[in-house]
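A short worksheet on the structure shown next.
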There are 2 protein chains.
Amino acid sequence: MRKYNVAILGATGVVGQQMLKCLDEQDFPVGNIKLLASARSAGKTVKFQDTDIAIEEARDEAFDGVDIVLGAAENDIAQRFIPVAREKGCVTVDNSSAYRLDPDVPLVVPEINPEDIAKHKGIIANPNCATIIGLVPVFPLHKAAGVKRIIASTYQAASGAGINGLRELEDQIGRFGRGEEMSDPKAFAYQLAFNLIPQIGGFDENGYTSEEMKMQNEGRKIMHVPELRVNCTCIRVPVMRSHSESITIELENKLTPDEARAILATAPGVKLVDDPAAQQYPMPLDTTDQDLIFVGRIREDISAADGTYGLTLWCAGDQIRKGAATNAVQIAKLLTV
Amino acid sequence: MRKYNVAILGATGVVGQQMLKCLDEQDFPVGNIKLLASARSAGKTVKFQDTDIAIEEARDEAFDGVDIVLGAAENDIAQRFIPVAREKGCVTVDNSSAYRLDPDVPLVVPEINPEDIAKHKGIIANPNCATIIGLVPVFPLHKAAGVKRIIASTYQAASGAGINGLRELEDQIGRFGRGEEMSDPKAFAYQLAFNLIPQIGGFDENGYTSEEMKMQNEGRKIMHVPELRVNCTCIRVPVMRSHSESITIELENKLTPDEARAILATAPGVKLVDDPAAQQYPMPLDTTDQDLIFVGRIREDISAADGTYGLTLWCAGDQIRKGAATNAVQIAKLLTV
């Protein structure tokens, strides 16, 4: 079997570290592996399959001989190095938002539009985490009954702000537990412990944040529904690493909750957890550090007007895994078949 | 000025204790005051305006000579004693859900339907906390443009489950901070720290919880809009005592975000906190232990179909105060004018 030389750009972050684990878990045919990061991390070592791998500074020459780059860096780093990698013949699966809406770049959730991968010109984009987590359970319902409109409210974990977000929430909770004074927030604009922050990303002129516009902009491209309308409200919550979402969908055709459950019971990437009588429903603690999107609380949208059809559901998934690293490695694996 | 003899039924709970504070803050003309609770609390004393008040066991005779009862007990206790109090000539403002949908019982938010108080026959019901917190900012928009439909996702604090809910979250966070093992949850079905629980109340046959149906059932009665359609998803979050809500409203007539902001800037019971550029928006920590509902993140519903109008907003308010005790004491005060 052919092996592929892989580089992880941004290898020291939470997503980069998870990508390394996912390569192993998904039995990716890794040949040589390079872990690229900023100069200040260079020289540290990270374990991969019982081997210590030294972290290298990300520089143009680092991409020589690399087949597949997994991008886990911020937009500026992505834009600095990914064109270089492409010049050198690498294919990059990039988790930044820099290329997601570029018409030459496929934006892929393997459970939804794996066929788009074939159109790549050296870059494939990994969607926004809340978009992946919401669309994996919504897409099978779209295939069955046509989704026209999505109204979503998110409950997004601290890990969405990277390792500093996670550590800040842990630190705040720790201080509370030890009876110490709160420190000033840095990763977030405000204290997150015991709080909710209704801003993720910057504000657009229409009053939505960049994060809130992603589910519509990326959702249209991923699901190939250019007229899809999405109203999203993104809220940061004091949870570690799983995002949850309250989603109401408006459908072209009627679909009962039982029909939706039957579809989702066998849908790829989804675990149906919908037994209210037994108090079984998706929760972030249960979805942490695994790859499936849990979906439940499926019910008719009782506010839908006569003659219109809608469903309401609740889903949760690990933001670092399926929301980022798992999805990227799944795409990379499809490049090898 | 006439003074009123007041009894608080369920005086030892978080809502009962807050009612006592609100009586003082709202300069309620208190004559004699009785604090009624279960036999096991009887004899303990509580401070009210520099006087120690002994807690009495709630018994039929306790209501003799009382003018106004503030009910802060569960449904079974409410149903046991409120009819007795009525027989004895008391008027009860009851925070339980026992009488809310009774056609003989006004259900009142003073900022919305104070005129309904006059129709009482000895009982006035205080609405559900999430319903009050959502409707105080929605009602002025309804008056301006007609609300047909509400889609709401709530972020409800631990205090909604009473003192045991608050203490359980504090205990869990404390254990995490001290590096101790988590204890088994009791007040909630699952660990709430770092988690979200998508169930508040029991499940109806339609898949909604009792809590989720309250905003529609109570909202129709409070706003006098019998055909109002509400789709609500209620989620418990690891926040202490303020509930927050992501609300999308469908309107009869167009209302721009600027028009909505102008209305809410002078609406009663509301504080407009809506300056995204300055990162000013409602947050539960900022709304804790005060009486206003903060509203912000007001924007057009970009998912509304052509020819329909909608707005999306985010609000937060103290669940123990305006969601319960403050609203009840406001009603009681209107009984005295």
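Source: prediction; values computed, not measured. Within every chain, numbering begins at 1; the chains are lettered A, B, ... in the order of the sequence lines, protein sequences first and strands thereafter.
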### Query
So, for A305(B) and R229(A), which heavy atoms are closest and what is the spacing to 0.1 Å?
N-NH1, 3.3 Å
### Query
So which of I235(B), D274(B), V237(B) has the biggest tally of heavy-atom pairs under 4.5 Å with chain A?
I235(B)
### Minimum side-chain heavy-atom gap M283(A)-P198(B) below 4.5 Å
yes
### Message
Tell me if the NZ atom of K271(A) is crowded by more than 12 foreign heavy atoms within 6.0 Å.
### Response
no
### Message
Less than 4.5 Å to any heavy atom of chain A: does that hold for the side chain of E300(B), its backbone, both, or neither?
### Response
backbone
### Query
Which bit of T248(B) is near chain A, if near means a heavy-atom gap under 4.5 Å: side chain, backbone, both or neither?
side chain
### Query
Thinking salt bridges, do R149(A) and D301(B) make one under a 4.0 Å N-O criterion?
yes
### Closest heavy-atom pair and its distance - Q216(B), I302(A)
OE1-CD1, 4.1 Å
## Note on the structure
Applied to residues 154-181 of chain A, the ring pair (Phe, Tyr, Trp, His ring centres under 6.0 Å) test, sequence neighbours excluded, yields Y155(A)-W314(A), Y155(A)-Y155(B), F176(A)-F194(A)
### Task
Give, as side chain, backbone, both or neither, the part of A157(B) having an atom under 4.5 angstrom from any heavy atom of chain A.
neither
### Task
Of all the heavy-atom pairs spanning A278(B) and Y190(A), show the shortest one and how long it is.
O-OH, 4.3 Å
### Query
What distance separates S244(B) OG from I197(A) CD1, expressed to the nearest 0.5 Å?
11.5 Å
### Message
Does any part of the side chain of S303(B), heavy atoms only, come nearer than 4.5 Å to the side chain of I151(A), both counted from C-beta?
### Response
yes
#### Entry: Contact class of Y208(B) relative to chain A, heavy atoms under 4.5 angstrom
both
### Message
Quick check for you: among A189(A), P238(A), P257(A), G202(A), which has the greatest number of heavy-atom pairs under 4.5 Å with chain B?
### Response
P238(A)
### Query
Which of the residues R178(B), Q279(B), M240(B), K148(B) is involved in the greatest number of heavy-atom pairs with chain A at under 4.5 angstrom?
Q279(B)
### Most contacts with chain B, counted as non-hydrogen pairs under 4.5 angstrom, among I150(A), L228(A), T154(A)
T154(A)
### Message
Atom CZ of residue position R167(B) - does it have more than 12 heavy atoms of other residues, nucleotides or ligands inside 6.0 Å?
### Response
no
### Query
What part of P282(A) is in contact with chain B, defined as an atom under 4.5 angstrom from a non-hydrogen atom: side chain, backbone, both or neither?
backbone
### Query
Does some side-chain heavy atom of T209(A) sit less than 4.5 Å from a side-chain heavy atom of R297(B)?
yes
### Query
Between E245(B) and chain A, which part of the residue has a heavy atom less than 4.5 Å away: side chain, backbone, both or neither?
neither
### Message
A side-chain contact here means heavy atoms from C-beta on lying under 4.5 Å apart; do V239(B) and N195(A) qualify?
### Response
no
### Query
So does E205(B) pair up with R299(A), basic N to acidic O under 4.0 Å?
no
### Contact check, side chains of Q199(B) and Q280(A), non-hydrogen atoms, under 4.5 Å
no
### Query
From N231(A) CG over to L311(B) CG, what is the distance, rounded to the nearest 0.5 angstrom?
10.0 Å
